[in-house]
Amino acid sequence: MPEWQPAQLVAAHDETATARSLVFDIPGWPGHLAGQHVDVRVTAPDGYTASREYSIASGEVDAAPSGLGASGVNVELSVEELDDGEVSPYLVRGLDIGDHLEIRGPVGGYFVWTAAQTEPVQLIAGGSGVVPLMSMLRTHAAAGHPSPMRLLYSVRGPQFAFYTDELRRLVDSSKGSLTVDYAFTREAPSGADRSIGRLMRDELEMLTVPVASSPTTYLCGPNSFVEGISGWLVELGHPASRILTERFGGA
Ligand SMILES: Cc1cc2nc3c(=O)[nH]c(=O)nc-3n(C[C@H](O)[C@H](O)[C@H](O)COP(=O)(O)OP(=O)(O)OC[C@H]3O[C@@H](n4cnc5c(N)ncnc54)[C@H](O)[C@@H]3O)c2cc1C
């Protein structure tokens, strides 16, 4: 397990009214792959500590060849505030530029995408589950990767969606290799061609890379979302071994 490292907040911006992206400078960061996460530890003035896991939103960063860590590299996380949460409200509203906390990572070698992969990729996000998938999209775009990568993003409404402008730009400059579809569950923009509501099995078939194209699927979100969607994907004929999942917790 990697050691805890001091991390300084060097930039931040709101993603939505309840979510914030945080950019940390972590001296000696060893690099990471798209899809990995970190442990974040915060310490109260009385010494009480709490730690939670957060996915890395920034694209892949190579380790420095010397093994001393990548220098001048920032790591971005995006955090959704839970009303009754212990750590997320502090990360979204309590942390100022220049503040420090501790980060340990990167963690996880299973839920990753690398540019060496040539098969079509289907990304499916529920809410803040889009964060590690954004790392994959950014890595794909930075590599100018030619193989298709498609994101299906289930979110309450447009005002709750992360990375909206950047996703549009990535799609526009991808020469057709990136596609983004939204499934708004409670509120949709006027003129939307899909009615609001949760993703359903038949729709999943229409909005995802077909089984015949042998995609790898990366699925991330709350427990119940991941359970439901992964079950339907298997029913639709996707081999379970090609469906990689990351669960953020919750109902
Ligand atoms: C691998 C991994 C990566 C993650 N990446 C991200 C990320 O990129 N961005 C992000 O915002 N969160 C992410 N999470 C969730 C994050 O770790 C915390 O669980 C979340 O921020 C809540 O922490 P908290 O201390 O505010 O709430 P807590 O005090 O831990 O919990 C408060 C209440 O919320 C419930 N709860 C806990 N987690 C969730 C959840 N995810 N959804 C709904 N209800 C929940 C609890 O059961 C409890 O009732 C990730 C989780 C995992 C396991």
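Atoms within a ligand are numbered from 1 in the order they appear, just like the ligands themselves.
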**Student:** Between Thr139 and Gly59, which heavy-atom pair has the shortest distance, and what is it?
**Tutor:**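 Smallest interatomic distance, heavy atoms only, reads OG1-CA, 3.4 Å.
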
**Student:** Counting each atom of ligand 1 from 1 as listed, which ones have a heavy atom of Glu86 under 4.0 Å away?
**Tutor:**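 Taking each heavy atom of Glu86 in turn, ligand 1 has 24 (P), 25 (O), 26 (O), 27 (O), 28 (P), 29 (O) under 4.0 Å.
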
**Student:** Does the residue Glu81 have a heavy-atom contact with ligand 1, meaning some pair of atoms that are separated by less than 4.0 Å?
**Tutor:**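 In this structure, Glu81 fails to qualify as a contact of ligand 1 - no heavy atom is under 4.0 Å.
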
**Student:** In terms of relative ring orientation, are Trp113 and His140 parallel, tilted or perpendicular, with 30° and 60° separating the classes?
**Tutor:**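 Plane angle between 30° and 60°, so tilted.
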
**Student:** So, Thr18 and Glu80: side-chain donor and acceptor under 3.5 Å apart, yes or no?
**Tutor:**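 The answer is yes; a qualifying pair exists.
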
**Student:** Do the side chains of Glu81 and Arg20 get close enough for a salt bridge, i.e. N-O under 4.0 angstrom?
**Tutor:**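 Salt bridge absent between Glu81 and Arg20.
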
**Student:** Out of curiosity, Arg52 CZ to Phe248 CZ, how far, rounded to the nearest 0.5 Å?
**Tutor:**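 It is 14.0 Å, given to the nearest 0.5 Å.
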
**Student:** Among residues two or more places apart or on two chains, list those pairs meeting salt bridge (charged side-chain N to carboxylate O under 4.0 Å, His left out) that have a residue in residues 4-13.
**Tutor:**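 Non-adjacent pairs meeting salt bridge (charged side-chain N to carboxylate O under 4.0 Å, His left out): zero.
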
**Student:** For Leu82 and ligand 1, does the shortest N/O to N/O distance drop below 3.5 Å?
**Tutor:**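 N/O-N/O distance below 3.5 Å does not exist for this pair.
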
**Student:** I want to confirm something. Looking only at heavy atoms, which of Gln36, Arg52, Glu53, Glu15 is nearest to atom 51 (C) of ligand 1?
**Tutor:**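 Closest candidate by heavy-atom distance is Glu53.
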
**Student:** Check whether any heavy atom of Ser78 sits under 4.0 Å from an atom of ligand 1.
**Tutor:**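 Right, Ser78 reaches ligand 1.
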
**Student:** Does Arg247, backbone or side chain, put an N or O under 3.5 Å from an N or O of ligand 1?
**Tutor:**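 Looking only at distances, the answer is no, because the N/O contact criterion of under 3.5 Å is not met.
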
**Student:** Do Phe248 and ligand 1 have an N or O pair less than 3.5 Å apart?
**Tutor:**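 Yes, since at least one N or O of Phe248 sits under 3.5 Å from an N or O of ligand 1.
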
**Student:** Heavy-atom contacts under 4.0 Å between Val131 and ligand 1: side chain, backbone, both, or neither?
**Tutor:**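 Near ligand 1, Val131 shows its side chain, while the N, CA, C and O stay back.
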
**Student:** Kindly identify the option in Gly85, Ala57, Gly250 whose heavy atom sits closest to atom 31 (O) of ligand 1.
**Tutor:**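 Comparing heavy atoms across Gly85, Ala57, Gly250, the nearest one to atom 31 (O) of ligand 1 lies in Gly85.
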
**Student:** Would you say His37 has any N or O atom under 3.5 Å from an N or O of ligand 1, going by distance alone?
**Tutor:**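 No, since none of the N or O atoms of His37 sits under 3.5 Å from an N or O of ligand 1.
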
**Student:** If you look only at distance, which donor and acceptor atoms sit under 3.5 Å apart when one is on a side chain in residues 101-108 and the other is two or more places apart or in another chain?
**Tutor:**
from   : atom 1 : to    : atom 2 : distance (Å)
Glu102 : OE1    : Arg41 : NE     : 2.9
Glu102 : OE1    : Arg41 : NH2    : 3.3
Glu102 : OE2    : Arg41 : NH2    : 3.1
Arg104 : NE     : Asp39 : OD2    : 3.2
Arg104 : NH2    : Asp39 : OD2    : 3.1

**Student:** Return yes if some donor-acceptor pair links the side-chain N/O of His145 with the main-chain N/O of Gln117 below 3.5 Å, else return no.
**Tutor:**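 Here the side-chain-to-backbone pair exists.
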
**Student:** Which atoms from ligand 1 have a heavy atom of Asp84 less than 4.0 Å away?
**Tutor:**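 So the atoms of ligand 1 that pass are 32 (C), 33 (C), 34 (O), 49 (O).
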
